[in-house]
Amino acid sequence: MMLSGALKRFVQDNPHASADTKKATQRAVDLFLQAFGDAPVSIIGGEKAGAFRDLLFSLPASLGKRKSSLTLEEEAQREPKKRLYRP
C-alpha cells in the first residue's frame with residue numbers, strides 16, 4: 001500500500017478521526033510526499049523517517065503562511081536559524 005492510500009484508508013475515511021487529526025495528518029503526509037514522493041509504506045523505515053524529521057525541524061515556522069515557489073529543501077536552507085516548524 002502506498003503512503004497516499006494509507007492516508008486515505010486509515011485517516012481520511014476513518015469516521016472516528018477528528019477533523020483536526022485529519023487536517024494535521026494530511027499536512028504532514030503532503031510534506032512527506034513533496035520531499036520524497038509517494039512510496040510503499042513497507043519501505044518507509046527509520047532512515048527515511050529520520051530524514052523527514054530532520055527536514056521538518058529545518059523548515060521555517062512561516063512555511064505555508066505565504067506563497068512560495070521554493071522547494072522544501074530550498075525553504076529549509078533559506079532560514080536555517082528558525083527551526084520552529086511543527087506539522
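Here the structure is a predicted model, which means the values were calculated and not measured. For the numbers below, each heavy atom of this structure counts, side chains included, while hydrogens, waters and symmetry mates do not.
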Could you report the tightest heavy-atom contact between Asp38 and Leu3, atom names first, then the distance?
OD1-N, 3.3 Å
Gap between atom CG of Leu7 and atom CE of Met2 - 0.5 Å precision:
13.0 Å
Looking only at non-hydrogen atoms, find the nearest pair between Ala28 and Phe52 and report the distance.
O-CZ, 3.4 Å
Separation between CD of Gln12 and OG1 of Thr21, rounded to the nearest 0.5 Å:
10.0 Å
With no hydrogens and no angle check, do the side chains of Asp30 and Gln34 hold a donor and an acceptor under 3.5 Å apart?
no
To the nearest 0.5 Å, what is the distance between CZ (Arg9) and OG (Ser4)?
13.0 Å
Check the surroundings of atom NZ in Lys22: do more than 12 heavy atoms from other residues, nucleotides or ligands lie under 6.0 Å from it?
yes
List for me each residue that meets salt bridge (charged side-chain N to carboxylate O under 4.0 Å, His left out) alongside Asp20, sequence neighbours excluded, and say none if there are none.
none
Provide the closest heavy-atom pair for Ile43 versus Ala39 in the form atom of the first, atom of the second, distance.
CD1-CB, 4.2 Å
Mind checking whether Phe32 and Ile44 have side chains closer than 4.5 Å, heavy atoms only?
yes
